[in-house]
K.L.:
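Okay, handing you the structure first.
In what follows, chains carry the letters A, B, and so on, assigned in the order in which the sequence lines appear, proteins first and then strands, with residues in each chain numbered from 1. Side chains are part of it too, since the values below use all heavy atoms of this structure and drop only hydrogens, waters and symmetry mates.
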There are 2 protein chains.
Amino acid sequence: MATKSSSSLPASALSGAGGPAPQYLKVKTHLREGIAGGRWRPGERLPSEADLTEAFGVSRMTVNRALRELHQEGLVERVQGVGSFVAQLHRIASTLTVRDVHEEIAARNHRHEASVHVLETLRADAGQAALLGLRAGATVFHSVIVHRENGIAIQCEDRLVNPACAPDYMDQDFARITPTHYLLEVAPLSEARYTIEAAMPGALEARLLGMPRGEPCLVVKRVTSSQGRAVTAVRLVHPASRYLLEGSFQA
Amino acid sequence: MATKSSSSLPASALSGAGGPAPQYLKVKTHLREGIAGGRWRPGERLPSEADLTEAFGVSRMTVNRALRELHQEGLVERVQGVGSFVAQLHRIASTLTVRDVHEEIAARNHRHEASVHVLETLRADAGQAALLGLRAGATVFHSVIVHRENGIAIQCEDRLVNPACAPDYMDQDFARITPTHYLLEVAPLSEARYTIEAAMPGALEARLLGMPRGEPCLVVKRVTSSQGRAVTAVRLVHPASRYLLEGSFQA
DNA sequence: TAGTGGTCTAGACCACCTT
DNA sequence: AGGTGGTCTAGACCACTAC
């Protein structure tokens, strides 16, 4: 019945200023540091919820939240009726974020410019139609835009758009707003599939990017769907010497 | 006081066989489908916890868990004292998993083979030492291993190892167990940093991979740390024609 | 039978924001 | 002042596993 503040241990009085430091975070940090520090090895069993409840003097729900979040983060495996264990980290599963190029450049406090080289309506061939789940010969929008960071071309964006999802696509000013940004406004994202690969640039791409033909590119292909319907398929070509993806993983 | 089963709404009797379908999941699914279906647009305000508590006839903690998990998944933004909102999905933040090559091949039900081409102790030059946080001239282990999937070379793994973290590295049989797997056992992972880029193969790499010099490669560089100490730095080179990274994102 | 995690309740206090 | 989310409690019932 009694809540934390009326019980014998006023936790908020124990923690310093700047934030009471939630109890579940204390438990979580304790376990995370123990795992990272090797106190519990991969596969080893962690203290039970009951153990932690007693050790930290908190309720079981609080301990449960700490363990559940560690499980969601992939650090802990849980088996009903058995216990909680340190996850085998062999399947690391680092995560990498692929962001809208405008936001990515803005985050570096650099200047973003976009130039529109193609903005047209065309009849999809078989391959293009398949990407968007349309029949061959269907009308689709097509744009080719080069993005520059502080004046240097870093991405050539070749995009097909399903007109049914974005009928006003051809009327936008893509020098001011990226297609990604516009499309996410008119068609709420529900699913995306993508690949990342290395490739040599095509003749047009090399010319637009101002790069030598012999230099490789990092190519991201992505198909985005909204409400189960393919909205757009894009091929993002980046000169290898000017662009790389990076990320980090923290246990 | 009364729990679900003794109250007026025995939820477990309402749901079919195969699992009671937790209440928090019903709330979560309802919101997720509404967001994906466009019922609530990005930036729009969602029903409050109190609203959902009443609408679903569950406790606030249950509704809170649903909203909290949607927030953790990036679908919902929450502002204390204001409300919950559909997240602006502009920063897509897709996640990409980078896995141990053995598990990756095994997951495709293919055969994995590894051949060890270099396994040596050497004195680190300035660049190598910097990667591992050691002084120039320090002793490090060095291995070059080619991984094959069903007989086709898909990865050349060039690795430096900090001897202080894995003193028995030179005694392992890396035709049977991958260095990644071994290192994660002896030094629990706590942090990894990596980059992904396109590049042309070096002469040695092209020869080991059996690929033409003119074909580009997808290169993953990764530095892994344990307890704040760099354990290993690796360069993974993949022929562009035989390897790509793929992933998906679901709202 | 005893221990484990999975879920849920009906309250509570708090910080925060809007009015 | 009133609504919002952030956290926490002291129980509860259940499914599952191990002994």
Side-chain angles (χ1 to χ4, degrees), chain A residues 1-15 17-29 31 44-72 76-87, chain B residues 1-15 17-29 31 44-72 76-87:
Chain A
M1 296 290 177
T3 60
K4 170 187 61 177
S5 57
S6 62
S7 66
S8 56
L9 267 180
S12 53
L14 293 176
S15 57
Q23 305 275 31
Y24 81 92
L25 267 187
K26 295 182 187 171
V27 178
K28 205 176 156 182
T29 300
L31 293 171
E44 194 173 338
R45 183 174 180 165
L46 293 167
S48 71
E49 294 191 354
D51 293 339
L52 293 165
T53 292
E54 190 175 9
F56 283 83
V58 298
S59 79
R60 195 190 141 207
M61 276 297 279
T62 301
V63 165
N64 178 270
R65 175 168 176 185
L67 280 164
R68 178 158 30 87
E69 292 191 1
L70 288 171
H71 171 65
Q72 287 167 338
V76 167
E77 291 301 326
R78 313 195 73 189
V79 184
Q80 197 175 46
V82 183
S84 300
F85 305 84
V86 179
Chain B
M1 302 288 176
T3 62
K4 170 188 60 180
S5 56
S6 62
S7 68
S8 56
L9 268 180
S12 54
L14 294 175
S15 58
Q23 305 275 31
Y24 81 92
L25 267 187
K26 295 181 188 172
V27 179
K28 203 174 158 185
T29 300
L31 294 170
E44 194 173 336
R45 184 175 178 164
L46 292 168
S48 71
E49 295 191 355
D51 294 338
L52 293 166
T53 292
E54 189 176 9
F56 283 84
V58 298
S59 79
R60 196 191 140 207
M61 276 298 279
T62 301
V63 165
N64 178 270
R65 175 167 174 185
L67 280 165
R68 178 158 30 87
E69 291 192 0
L70 288 171
H71 172 65
Q72 287 168 338
V76 167
E77 290 301 325
R78 314 194 73 187
V79 184
Q80 196 175 46
V82 182
S84 301
F85 304 84
V86 179

K.L.:
I want to confirm an ordering. Mapping Asn64(A) and Gly83(A) to their closest nucleotides on DNA chain C, which one lands closer to the 5' end?
P.N.:
Gly83(A)
K.L.:
Just wondering, more than 12 heavy atoms not from Glu54(B) lying within 6.0 Å of its CD?
P.N.:
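12 or below, so no.
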K.L.:
So among Val27(B), Val63(B), Leu52(B), which one has a side-chain contact (heavy atoms from CB on, under 4.5 Å) with Pro47(B)?
P.N.:
Leu52(B)
K.L.:
Could I get the full list of side chain to side chain donor-acceptor pair (under 3.5 Å) partners for Arg68(A), not counting sequence neighbours?
P.N.:
Asn64(A)
K.L.:
Rounded off to whole Å, could you give me the CZ-to-C1' distance for the Arg45(B) and dG5(D) pair?
P.N.:
11 Å
K.L.:
Does Leu31(B) reach the side chain of Val76(B), with side-chain heavy atoms less than 4.5 Å apart?
P.N.:
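Side-chain contact under 4.5 Å: no.
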K.L.:
Quick one: is dT9(D) close enough that its OP1 or OP2 comes under 4.0 Å of any side-chain N or O from Thr62(A)?
P.N.:
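Answer is yes, contact under 4.0 Å.
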K.L.:
Rounding to a whole Å, what distance do you find between Leu70(A):CG and dG6(C):C1'?
P.N.:
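Going from CG in Leu70(A) over to C1' in dG6(C) covers 17 Å.
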K.L.:
Can you figure out which of dG5(C), dT7(D), dT7(C) approaches the side chain of Met61(A) most closely?
P.N.:
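Minimum distance to the Met61(A) side chain belongs to dT7(C).
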K.L.:
How many whole angstroms separate atom CD of Glu69(A) from atom C1' of dG6(D)?
P.N.:
12 Å
K.L.:
Where the side chain of Val58(B) is defined as all heavy atoms beyond and including C-beta, which of dT9(C), dT4(C), dG5(D) is the nearest nucleotide?
P.N.:
dT9(C)
K.L.:
List in chain and number order the residues that pass side-chain contact (heavy atoms from CB on, under 4.5 Å) with Arg60(A), two or more places apart in sequence or in another chain; answer none if no residue qualifies.
P.N.:
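So Arg60(A) forms a side-chain contact (heavy atoms from CB on, under 4.5 Å) with Glu49(A), Thr53(A).
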K.L.:
Dump every N/O contact between nucleotides 17-19 of chain D and the protein below 3.5 Å, one line per pair.
P.N.:
none

K.L.:
Kindly write out the residues that satisfy side chain to side chain donor-acceptor pair (under 3.5 Å) with Gln72(A), not counting sequence neighbours, or none if the list is empty.
P.N.:
Glu69(B)
K.L.:
The side chain of Arg78(B) lies closest to which of these nucleotides: dG5(D), dG5(C), dT7(C)?
P.N.:
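Minimum distance to the Arg78(B) side chain belongs to dG5(D).
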K.L.:
Between the side-chain atoms of Arg60(B) and the base atoms of dG6(D), is any donor-acceptor pair under 3.5 Å?
P.N.:
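Check passes, donor-acceptor contact within cut-off.
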K.L.:
Between P on dT7(D) and NZ on Lys28(A), what's the gap in Å once rounded to a whole number?
P.N.:
10 Å
K.L.:
If I compare all heavy atoms of Arg65(B) with all of Tyr24(B), which pair ends up nearest, and what's the gap?
P.N.:
NH2-OH, 3.2 Å
K.L.:
Taking only side-chain N and O atoms of Ser59(B), does any of them lie within less than 4.0 angstrom of OP1 or OP2 on dC8(C)?
P.N.:
no
K.L.:
For Glu49(B) and dG2(D), what is the distance between atoms CD and P respectively, to the nearest whole Å?
P.N.:
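Roughly 20 Å, once rounded to whole Å.
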K.L.:
Can you tell me the distance, in whole Å, between the CG atom of Asp51(B) and the P atom of dG2(D)?
P.N.:
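One finds 18 Å between P of dG2(D) and CG of Asp51(B), rounded.
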K.L.:
Rounded to whole Å, how long is the line connecting atom CD of Glu54(B) with atom P of dT9(C)?
P.N.:
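Those two atoms, CD and P, are 14 Å apart.
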K.L.:
Does OP1 or OP2 of dG5(D) have a side-chain N or O of Ser84(B) closer than 4.0 Å?
P.N.:
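Looking at the OP1 and OP2 atoms of dG5(D), one of them is under 4.0 Å from a side-chain N or O of Ser84(B).
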K.L.:
Could you state the atom-to-atom distance from CZ of Arg65(A) to P of dG5(C) in whole Å?
P.N.:
18 Å
K.L.:
Taking only N and O in the side chain of Tyr24(A), is any of them less than 4.0 Å away from OP1 or OP2 of dT7(D)?
P.N.:
yes
